[in-house]
There are 2 protein chains.
Amino acid sequence: MIRLSRLSDYGIVILTRLAREPGRAMAASTLARATAVSTAMTGKILKLLARADILVSQRGVRGGYALARPPEAITVAEIIEALDGPIALTSCADPGTHDCGIEALCPARDGWRRINRAIRDALAGITLAEMAQAVPGDLVPTFATPPRAAAPEPAAAASIGAR
Amino acid sequence: MIRLSRLSDYGIVILTRLAREPGRAMAASTLARATAVSTAMTGKILKLLARADILVSQRGVRGGYALARPPEAITVAEIIEALDGPIALTSCADPGTHDCGIEALCPARDGWRRINRAIRDALAGITLAEMAQAVPGDLVPTFATPPRAAAPEPAAAASIGAR
DNA sequence: GGAAATAGAACCGGTTCGGTTCTCTTTCAA
DNA sequence: TTGAAAGAGAACCGAACCGGTTCTATTTCC
Ligand code: FES
Ligand code: FES
């Protein structure tokens with residue numbers, strides 16, 4: 001079904017949240033609460049993203065994660081690749097791995113490659129900034145950002161990820 | 001990894017073979033031999049494609065499958081949808097099913113939808129005909145098609161799909 | 001030194017997927 | 001008329017992958 005893994009799904013959500021205040025760093029637990037993704041998952045995802053240089057991390061007490069770059073400079077393709085590995089629709093399309101088995105006489109070979117490329121381009125053409133900004137005309141009318149004061153996250157009712 | 005299922009993979013290969021002689025019908029077993037996909041798999045795939053009106057089938061002895069339309073009128077998106085179900089990257093992007101769980105407060109919602117659409121468009125923009133034709137400058141210089149005479153398929157050495 | 005945070009890896013059950021097999025129906029031709 | 005050659009359709013099975021958890025080690029600040 002050409003399904004995208006949950007990892008990437010949640011990943012984007014978390015990053016989107018982070019992109020609302022690009023400079024600011026947030027702890028994993030805070031982000032988990034803010035996005036309703038289980039803390040364990042959030043941690044896992046953040047670690048992956050940090051390793052891919054999409055986030056920068058600060059360890060120790062008062063630590064946390066922040067975007068490594070402005071959201072306009074982070075593409076969806078990047079994020080997915082960081083979390084789910086290389087984007088390769090078919091096993092054979094990506095040169096390097098040869099596990100398709102038909103390769104030798106396959107007539108569709110370069111066709112696949114073209115498709116792959118089309119999709120990667122589509123994904124690379126969308127930035128985190130675009131994902132984060134609500135479509136013009138959205139329901140939520142650009143919240144009057146509560147003045148600095150702690151502003152506890154909505155603490156989403158149900159936590160995702162608990163079986 | 002945004003992996004496409006093998007079903008679709010093989011499906012395209014088989015259809016590609018069929019597209020080389022758009023008018024002609026071929027039996028499943030013949031196609032299996034021609035494409036090096038296991039006969040069982042080939043059968044399964046062909047049935048699915050026939051049910052989706054991409055192929056027309058003729059039962060009984062001397063039966064077989066043929067393209068229901070000229071290859072220019074069959075898109076890759078169609079094929080994938082026939083074999084792997086609807087193309088929906090994320091569970092939430094497709095209106096109707098609600099199993100993402102975050103939907104309520106998810107900021108990335110419409111972003112997903114845009115991405116989904118981009119990919120579907122990319123897939124819908126490539127036709128079977130385009131897949132079938134070797135890229136200009138391909139290795140194989142448009143085989144001089146052997147004159148009608150039985151022309152046994154190359155009978156690919158190794159059969160795919162046998163564990 | 002200890003609490004709060006990230007880093008990293010191992011682990012585990014469930015679901016899905018690739019693939020096979022079986023039975024039933026249709027068609028043609030000897 | 002009958003049987004072989006095809007497709008239709010469903011059930012079935014093992015294995016890989018995935019979502020999710022948990023545990024330990026390391027870093028940092030107070
Ligand atoms: S090489 Fe894998 S489908 Fe063609
Ligand atoms: S609604 Fe599912 S990720 Fe946003």
Side-chain angles (χ1 to χ4, degrees), chain A residues 1-11 13-14 18 25-33 36-66 68 80 83-85 90-91 99-102 159-163, chain B residues 1-11 13-14 18 25-33 36-66 68 80 83-85 90-91 99-102 159-163:
Chain A
M1 206 185 300
I2 295 210
R3 157 139 299 119
L4 184 66
S5 82
R6 291 261 167 111
L7 233 63
S8 296
D9 191 339
Y10 296 161
V13 173
I14 293 175
L18 229 16
M26 302 178 73
S29 59
T30 310
L31 278 169
R33 250 178 296 117
V37 177
S38 101
T39 58
M41 271 278 97
T42 309
K44 195 179 194 173
I45 292 170
L46 289 169
K47 287 168 199 168
L48 262 328
L49 291 174
R51 211 181 305 183
D53 291 320
I54 290 172
L55 294 180
V56 288
S57 64
Q58 171 65 23
R59 294 169 72 144
V61 70
R62 296 281 310 170
Y65 295 90
I80 294 178
L83 293 174
D84 283 354
T90 61
S91 25
D99 55 342
C100 166
I102 310 188
S159 163
I160 302 300
R163 281 203 189 158
Chain B
M1 205 186 302
I2 294 212
R3 158 139 296 119
L4 185 66
S5 83
R6 290 262 168 110
L7 233 63
S8 297
D9 191 339
Y10 296 161
V13 173
I14 294 175
L18 229 16
M26 302 178 72
S29 60
T30 310
L31 278 170
R33 251 179 294 117
V37 177
S38 101
T39 58
M41 271 277 97
T42 309
K44 195 179 194 172
I45 291 170
L46 289 170
K47 287 168 199 167
L48 261 328
L49 290 175
R51 214 181 303 182
D53 291 322
I54 291 172
L55 295 179
V56 287
S57 65
Q58 171 65 22
R59 293 169 73 143
V61 70
R62 297 279 310 167
Y65 294 90
I80 294 178
L83 293 174
D84 282 355
T90 60
S91 26
D99 55 343
C100 166
I102 310 188
S159 163
I160 302 299
R163 279 200 194 163

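Lettering follows sequence order; numbering is per chain, from 1.
With rounding to the nearest 0.5 Å, the separation of OH in A:Y10 from OG1 in A:T42 is 9.5 Å.
Side chain of A:S8 to main chain of A:G11: no donor-acceptor pair is present (N/O by atom type, distance under 3.5 Å, no hydrogens or angles).
Taking the nucleotide of DNA chain C with the nearest heavy atom to each of A:R62 and A:K44, the more 5' of the two is matched to A:R62. Summary of the strand contacts: A:K47 and B:Y65 both lie near DNA chain D, and taking for each the nucleotide with the nearest heavy atom, the more 5' one is attributed to B:Y65. Across the interface with DNA chain C, nearest-nucleotide mapping of A:V61 and A:L46 shows A:V61 to be the residue nearer the 5′ end.
Contact check of residues 50-59 of chain A against DNA chain C (heavy atom, cut-off under 4.0 Å) returns A:R51, A:S57, A:Q58, A:R59.
Residue B:M26 contributes atom CE, which lies 18 Å from atom P of D:dA5 at whole-angstrom precision. When the C1' atom of C:dT21 is taken as reference, atom CE of B:M41 falls 12 Å away, rounded to whole Å. Rounded to an integer number of Å, the gap from A:L48 CG to C:dG8 P is 10 Å. Distance A:L83 CG to D:dC18 C1': 14 Å, rounded to the nearest Å. Whole-Å rounding puts the B:R6 CZ to C:dC17 P distance at 13 Å. Taking atom CD1 of B:I45 as the reference point, atom P of C:dT20 lies 11 Å away to the nearest angstrom.
In this model, the phosphate group of C:dT20 is approached by a side-chain N or O of B:S38 to a distance below 4.0 Å at OP1 or OP2.
Within 4.0 Å (heavy atoms only), A:A40 reaches at least one base atom of the nucleic acid. As judged by a 4.0 angstrom heavy-atom cut-off over every strand, A:G64 is placed among residues touching the sugar-phosphate backbone only.
Put simply, the side chain of A:L55 reaches to within 4.5 Å of the side chain of A:L18, judged on heavy atoms. Residues B:R3 and A:D84 are not in side-chain contact: their nearest non-hydrogen atoms beyond the backbone lie 4.5 Å or more apart. You'll find the side chain of B:T39 stays beyond 4.5 Å of the side chain of B:R33, heavy atoms only.
Listed by chain and number, the residues in a side chain to side chain contact (heavy atoms under 4.5 Å, CB included) with B:K47 are B:Y65 (sequence neighbours excluded).
Between B:R62 and B:Q58, the shortest heavy-atom distance links the atoms O-CG, 4.5 Å.
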